[in-house]
Amino acid sequence: MLRHIIESQQFNVPFIMELFESAQRMEKIFHRGGTQDYSNKIMASLFYEPSTRTRFSFETAMYRLGGKVISTENAKEFSSAISGESIEDTIKVLNHFVDVVVIRHNEIGGAKRAAQVSKIPIINAGDGKGGQHPTQALTDLYTIYREIKTIDGLNIALVGDLAHGRTIRSLAYLLSKFERVKIFFVAPDALQIHQDICEHLEENDIWYTKENSIHKIINQVDVVYQTRIEKEKLNSSDNEYSNLMKEFYIDRNVINHLKQNAIIMHPLPRLNEISSEVDNDPRAAYFRQAQNGIFVRMALLAYLLDRY
Ligand code: CP
């Protein structure tokens, strides 16, 4: 039984499949307007970093479950963190106020610190640059499962800033739990996946390769999971950056080489890595992926609130 949701290593396949069944039920509940089953529950959303999808989808999920939400969207400035209050003290206080806390913290390990002092469930909505974002990874995996009907045996390209991307790290940990998955890490050398993830995949007998261009592998994969590559992270000139982006950019010409039943994903927000001309292609799953976040988060909230 899970009390807190902090990192992807916590989950096993039976838990994931049970959660996906619940998410499918939640999808039906959502489309008929929600339920009042959790009307006596309150969720705090405590965000020390900006968010559009994660915060709004958690808050939407809680409202659709019939619950209530209290929220701070800029906890660094608009909570007592500005006066130097520790995260531990903030969480100890919230334990007396609400039933569950969703936290996005600017430091790796922020959510874990919160969980260590909390009797009520803590959900990590993203910690630090290069930490984890487990509820995004569950949403991503649910999207793959819903669109392709399996995860075992898939070839999956993880593209972009793999060094800092917490969604990528969390998803790689989740994929390692499935059979015969092959992972293509596609990134500039400076932003390639870190060694800790490679070691984890090797320990779990997961095949992976590192590539410098999407063009080489686009016709081999079932899923292209694109993420942002920010110019600042590469320390490059405008010219170097735009030349480099040609190796990772997804447009109509690139998807002409993609399998007909493959899907294109992105945790969003996007910058300039997927052309908007791709949005109307049926394989572009990223806006469906964002909506799936509500169903998965409804299922997670219900799981935690039913048990604590
Ligand atoms: N995917 C994701 O985490 O988006 P937000 O930063 O908008 O929450």
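Atoms within a ligand are numbered from 1 in the order they appear, just like the ligands themselves.
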Looking at ligand 1, is there an atom of it that comes within less than 4.0 Å of some heavy atom belonging to R104?
yes
D196 side chain near R169 side chain, heavy-atom distance below 4.5 Å:
yes
I'd like to know if the side chain of N204 reaches the main chain of I206, judged simply by a donor and an acceptor atom lying under 3.5 Å from each other, with no hydrogens or angles considered.
no
Please list, in number order, the atoms of ligand 1 under 4.0 Å from a heavy atom of [X].
| X | answer |
| --- | --- |
| P267 | 1 (N) |
| T54 | 2 (C), 3 (O), 4 (O), 5 (P), 8 (O) |
| L268 | 1 (N), 2 (C), 4 (O) |

Are side-chain N/O atoms of Q132 and Q9 paired as donor and acceptor at under 3.5 Å?
yes
For Q136 and T167, which I'm curious about, is there any donor-acceptor pair between the side chains at under 3.5 Å?
no
Shortest protein heavy-atom distance from atom 7 (O) of ligand 1, along with the residue and atom involved
T52 N, 2.7 Å
To check your reading of the model: name the closest protein heavy atom to atom 4 (O) of ligand 1, its residue, and the distance in Å.
R53 NE, 3.1 Å
Output yes when K92 and E85 qualify as a salt bridge under the 4.0 Å nitrogen-oxygen rule, no when they do not.
no
